[in-house]
Amino acid sequence: MIQDARVLQDEFIPREVEHRDHEMNALSRALAPVTANEPAETAFLFGPSGAGKTCLARYALARLREAVIDLNYQYVNCWQDYTRFRALYRILEGIGSTADIHRQSTPTDALLERLATYDGPEFVVILDEVDQLHDDDLLYDLYRTVGISMILIANREEELFARLDNRLVSRLHAATRIRFEKYELNELVSILEDRVRWGLDEDVLSRKQLEWIADAAAGDARVAIGILRSAAREAEQDDVETIPDETVEAAIPRGRQEVKDKNIDQLTPHQKVLYEIIRENDGVAPNLLYAEYNERVAEPRAERTVRNHLTKLAHYNLIEKHGKGRGRTYSLV
DNA sequence: GTTCCACCGGAAACGGGGGACC
DNA sequence: GGTCCCCCGTTTCCGGTGGAAC
């Protein structure tokens with residue numbers, strides 16, 4: 001059944017990217033100066049999750065590396081590396097320059113200094129989920145650093161610009177901005193067809209079944225591939241030659257849940273308790289939520305910290321905040 | 001329409017933990 | 001071993017907001 005499981009993984013970079021020609025051309029134009037050993041234009045990729053932003057950025061750099069012998073690049077997920085220090089540390093990893101840096105004693109300025117003295121080949125940094133950076137100074141730092149080009153990725157353009165200060169906004173307005181839309185049904189189907197062709201036995205799924213999966217994924221490629229992965233895994237265990245409808249049907253909620261579970265796994269114990277309370281009490285009000293949290297946890301954190309945790313849960317797309325002020329409630333997505 | 005106040009989130013301070021240096 | 005410095009999760013403080021109550 002499964003010939004190459006890698007193509008069903010989220011991190012997989014395909015040999016060709018479909019339905020993103022316009023976006024790919026725009027990104028390639030922005031990166032083109034690198035081929036002449038010049039810094040690329042800053043590129044800004046916006047759009048909903050599962051629209052192929054990260055995939056396209058990685059793909060474009062992979063293509064670029066085929067054309068340019070000397071090129072360094074580094075991928076930074078600002079959701080995980082959200083402080084200035086951590087993001088800089090990750091960036092320096094891209095040029096193998098972190099051996100003597102200690103996470104709890106080296107000053108951030110020392111990392112900046114090291115980056116400033118970098119004189120290797122052109123260096124492209126992908127900052128994914130850039131709106132999650134706690135300190136926007138990092139973007140200034142990188143703008144000022146010679147020899148570093150940036151690809152910035154975020155979900156919502158307006159939200160990001162709203163919190164940046166004017167100097168940065170004017171610079172970013174000059175950047176190449178590339179907007180991604182959700183995939184259309186037929187686009188998702190053809191993405192799935194490719195994955196089946198590259199990774200599974202021939203004809204294990206009918207066109208109709210792929211349409212079904214694509215429809216359930218609602219424009220999100222990550223969810224679509226998650227469902228496909230779940231169905232293929234199940235069918236492999238059952239040792240069948242084609243995937244029956246029942247397996248596809250069962251894989252739809254499971255595939256969605258897998259995407260969710262990946263996020264839940266990254267939560268801290270306190271965040272997991274909050275998620276659990278909201279799961280059990282849909283539409284819970286803040287005061288009740290805090291009270292219940294205090295009940296369940298041995299050493300509860302302050303309310304302000306809890307609010308930070310809730311913001312995090314909302315950003316992971318695990319919970320939703322409804323209403324404002326006294327009308328605020330929390331529920332699962 | 002006005003007042004009240006629960007709630008939010010920014011900013012700054014605090015303190016734990018860990019490495020460097022003497 | 002003592003002291004200093006640094007990062008970072010957490011806490012404290014507080015002004016702004018908007019729905020509820022009057």
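The shown structure was predicted, so the numbers you read here are calculated from the model rather than taken from an experiment. Throughout, protein chains are lettered first and strands after them, A, B, ... in sequence-line order, and every chain is numbered starting at 1.
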Original post:
Which of the following nucleotides, C:dT11, B:dA20, B:dG9, is nearest to the side chain of A:R301?
Top reply: C:dT11
Subject >> Within 45° cone of A:Y143 ring axis and under 6.0 Å: A:R171 NZ or CZ >> reply: yes
Original post:
Going by side-chain heavy atoms closer than 4.5 Å, which hydrophobic residues are tied to A:V273, directly or by a chain of links?
Top reply: A:W79, A:I264, A:L267, A:L274, A:Y275, A:I277, A:I278, A:V284, A:L288, A:L289, A:Y290, A:Y293, A:V297, A:V306, A:L310, A:L313, A:Y316, A:L318, A:I319, A:Y330, A:L332
**OP:** Look at the side chain of A:R307 and the base of B:dG9, then say whether one donor and one acceptor between them are separated by less than 3.5 Å.
**Re:** yes
Original post:
Contact class for A:Y89 (heavy atom, under 4.0 Å): base, sugar-phosphate, or nothing?
Top reply: nothing
Subject >> OP1 or OP2 of B:dA20 under 4.0 Å from side-chain N/O of A:H102 >> reply: yes
Subject >> Touch class at under 4.0 angstrom, heavy-atom based, for A:T83 against every strand present >> reply: sugar-phosphate
**OP:** Assign each of A:D100 and A:P286 to its nearest nucleotide of DNA chain B by heavy atoms, then name whichever residue's nucleotide is nearer the 5' end.
**Re:** A:P286
Original post:
The side chain of A:R304 lies closest to which of these nucleotides: B:dG19, C:dC7, B:dG9?
Top reply: B:dG9
Original post:
Out of C:dG9, B:dC8, B:dG9, which has the shortest distance to the side chain of A:R86?
Top reply: C:dG9
**OP:** Mark yes or no: A:R20 above the aromatic ring of A:Y183, with NZ or CZ under 6.0 Å from the six-membered ring centre and no more than 45 degrees from the axis.
**Re:** yes
Subject >> Residue A:R328, side-chain heavy atoms: nucleotide from B:dC5, B:dA20, B:dC8 that is nearest >> reply: B:dC8
**OP:** Compare side-chain N and O positions of A:T305 against OP1 and OP2 of C:dT11 and report whether any pair is under 4.0 Å apart.
**Re:** yes
Original post:
Taking OP1 and OP2 of B:dC7, is either one under 4.0 Å from a side-chain nitrogen or oxygen of A:N287?
Top reply: yes
Original post:
Is the phosphate of B:dC8, meaning OP1 or OP2, less than 4.0 Å from a side-chain N or O of A:Y290?
Top reply: yes
Original post:
When you measure from the side chain of A:R326, which nucleotide among C:dT11, C:dC7, B:dC5 comes out closest?
Top reply: B:dC5
Original post:
Within 45° of the ring axis of A:W198 and under 6.0 Å from its six-membered ring centre, is that where the NZ or CZ of A:R15 lies?
Top reply: yes
Original post:
Out of C:dG9, B:dG18, C:dG18, which has the shortest distance to the side chain of A:K324?
Top reply: C:dG18
Original post:
Is the shortest distance from a Lys or Arg side-chain nitrogen in A:R229 or A:E258 to a carboxylate oxygen in the other one below 4.0 Å?
Top reply: yes
